Amino acid sequence: MNIYVHQHGVVLTGKAWEIKAKLKELRHSYPTVESWLQSVEGTSSRPKRTASATAKKKAGSSAKLRPIV
């Protein structure tokens with residue numbers, strides 16, 4: 001499993017069960033994905049990787065914060 005953090009967000013790659021397990025692990029430390037991203041972006045000492053394909057936000061999508069499931 002790979003995690004790519006870049007200026008527009010985060011990309012998790014891997015098998016579905018790996019991503020679910022990682023999010024379940026993070027749920028114990030962070031209430032939302034946004035809080036996890038803020039801590040990762042603030043403590044990263046190495047250069048950030050850029051993902052090759054990033055999803056763009058749709059015009060009608062919600063900007064509400066959702067808890068890590």
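In what follows, residues are counted from 1 in the order of the sequence shown. Values in this document were obtained by computation on a predicted structure and should not be read as measured data.
To the nearest 0.5 Å, atoms CH2 (Trp36) and CZ (Arg27) are separated by 15.0 Å. Atom NZ of residue Lys20 and atom CG of residue Leu12 lie 13.5 Å apart, to the nearest 0.5 angstrom.
Annotation for Ile3 and Lys22: closest pair CD1-CE, 3.9 Å, computed over non-hydrogen atoms.
For Ser29 (side chain) and Leu26 (main-chain N/O), no donor-acceptor pair under 3.5 Å exists by modelled atom type.
The side chain to side chain donor-acceptor pair (under 3.5 Å) search around Thr13 returns none, not counting sequence neighbours.
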